Amino acid sequence: MDGCTGKIEQEMRAGLRAFFTVPYLLDQGMACLEEKLREALLFGRLTVLHYRAFGGTGAGIYRAAAAVEFMILSLDIIDDLQDKDNQETVWGRLSPDIALNIALGMLTLSQHLLLTADFPHERSGSAARLMNEQVLAAINGQTVDLLNNIESEEEYMEMIRLKSAGLLAAACLTGTLLATGEPLSEVRTYAEELGIAAQMKNDIRDVLNWDNKNDFWNRKKTLPTLYLLQSISDEQRWIADYFAERLQLADVVNRKEEIERIMEESGTLLYSSVRMRTHYYNYLDLVGKISLAPEWKEQILAMAD
Amino acid sequence: MLKETVQKLMADQGAMAQLESGELQLTGLSETEQRAFADVMNCRAGKSEPRMAMYWTA
């Protein structure tokens, strides 16, 4: 896996240079890529890791991994535009119409890279079908997220399976499919567990971090806030009133410490953390059971760190 | 079952103390849930800011 990130980066840069031909589009597209490259390219590296772990040996996988990363980056940009947050990012500082155009270009480039990667046409076609199906599932999940009208944990779980968990599964399954010709269901299962745990971790963070986007202030229905709403006492009904917009932000913004205390005393944080860890341990157990050499399992487990 | 267990524990501080001391065992949870519960409780112990202990990596 040495040099993996560099090779994925090369493919991403080459893709932009080939197809973002208007100079401004190329400049801003590269700037967005530079921002992305400050992270670890987790999704692309998962694609490469699963390809190698399941017997794949070719170099075409780096183009496929670049395709996965462009898919994720494009959806991240669109998500930020829809949520109107992360304004400190490169794309957050662009006009929304330009940022959207870049995202559309990257999503399309993702497809093109996957279809032109050095694999038998049948396999690259199957990988493209899988990625399209997961993107479409994620769009459905995103719709539920944007409507913010979920009322139960079951609805929340379905949303994150479609959205976050599905995209992580797509990254892993692309690798296994290109190596074996099959999207292995055991890989989907453990990848979804990891994706669920990661989303729950984000949701816990987003009720505790008051400085940036906060799911309590934004009345977002997530695992912690759903539990909180089901656990409050009669004296705490003002929280339900706030979520139902019978109270405004100005009515509650000075009650931050009280909200933290209620989240602690109701067991909101305990429950959410146990749920998150349960899915993470499910992931560990499932990876342990898969038929791979120990060194590959170690690397798959290490990706969750 | 996990949700109901947590809600009951939070409503009864005596039960929570018994759980932390090992006098009380959790029933009705899967093995994985019990493992996760024990690990979260261990993370909480000794932390000055208990809410920060809820993060995945302590």
Side-chain angles (χ1 to χ4, degrees), chain A residues 152-154 156-157 190 193-194 196-210 216 223-224 226-233 236 256-257 259-286 288-289 302 304-305, chain B:
Chain A
S152 70
E153 276 190 25
E154 290 71 28
Y156 166 83
M157 290 301 294
Y190 71 61
E193 290 291 328
L194 180 61
I196 291 168
Q199 185 59 51
M200 287 183 177
K201 181 181 180 184
N202 284 345
D203 290 339
I204 293 169
R205 180 200 62 204
D206 288 344
V207 290
L208 291 176
N209 186 353
W210 299 99
F216 188 98
L223 184 72
L226 285 168
Y227 176 94
L228 178 66
L229 287 167
Q230 290 165 11
S231 305
I232 50 179
S233 64
Q236 296 160 349
K256 191 177 81 175
E257 287 77 21
I259 295 165
E260 287 181 342
R261 180 181 56 75
I262 293 170
M263 283 201 284
E264 180 73 36
E265 292 177 353
S266 62
T268 296
L269 301 177
L270 173 61
Y271 175 73
S272 303
S273 188
V274 173
R275 286 291 305 271
M276 174 188 71
R277 282 181 187 251
T278 300
H279 286 284
Y280 175 60
Y281 293 154
N282 286 342
Y283 161 73
L284 297 181
D285 291 345
L286 288 165
K289 289 176 184 161
D305 290 340
Chain B
M1 194 66 201
L2 173 65
K3 185 188 297 183
E4 292 77 10
T5 300
V6 171
Q7 287 171 333
K8 281 182 189 167
L9 280 172
M10 301 315 290
D12 181 352
Q13 288 303 302
M16 181 62 93
Q18 283 185 307
L19 184 68
E20 287 172 340
S21 69
E23 293 173 58
L24 182 66
Q25 301 296 316
L26 294 172
T27 55
L29 303 188
S30 69
E31 195 181 312
T32 311
E33 285 173 330
Q34 291 197 34
R35 185 172 143 212
F37 203 108
D39 285 351
V40 173
M41 295 301 290
N42 286 337
C43 277
R44 280 162 60 103
K47 287 285 198 304
S48 59
E49 286 189 86
R51 64 186 176 90
M52 299 303 289
M54 300 302 182
Y55 277 83
W56 183 344
T57 51

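So that the names make sense, note that chain A is the first sequence line, chain B the second, and so on, each numbered from 1. Note that the coordinates shown come from a computational prediction; the quantities given were computed from them, not determined experimentally.
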Check your understanding: If you draw a 6.0 Å radius around CD in B:E4, do more than 12 non-hydrogen atoms from other residues or ligands fall strictly inside?
Key -> yes
**Study point:** For the student: nearest non-hydrogen atoms of B:M41 and A:L270, plus distance
**Key:** SD-CD1, 4.0 Å
Check your understanding: For B:D12, which residues count as a side chain to side chain donor-acceptor pair (under 3.5 Å) partner, sequence neighbours excluded?
Key -> none
Revision key, fill the gap. Sorted by chain and residue number, the side chain to side chain contact (heavy atoms under 4.5 Å, CB included) partners of A:I262 (sequence neighbours excluded) come out as A:L228, A:I232, A:Q236, A:W238, A:I239, A:E258
**Study point:** Non-hydrogen atoms of A:R277 and B:A36 that approach each other most closely
**Key:** CB-CB, 3.7 Å
Review point. Is there side-chain contact between B:V6 and A:V274, with at least one heavy-atom pair below 4.5 Å?
Key: no
**Study point:** Heavy-atom pair of closest approach, residues A:E264 and B:M10
**Key:** O-CE, 3.3 Å
Check your understanding: Between B:Q7 and A:Y271, is any pair of side-chain heavy atoms under 4.5 Å apart?
Key -> no
Revision key, fill the gap. Under 4.5 Å to a heavy atom of chain B? For A:N282 that would be both
Review point. Where does A:Q230 contact chain B at under 4.5 Å (heavy atoms): side chain, backbone, both or neither?
Key: both
Review point. How far does OH of A:Y280 sit from CZ of B:R35, to the nearest 0.5 angstrom?
Key: 9.5 Å
Exercise for review: Select one option (side chain, backbone, both, neither) describing which atoms of A:S231 are under 4.5 Å from chain B's heavy atoms.
Suggested key: both
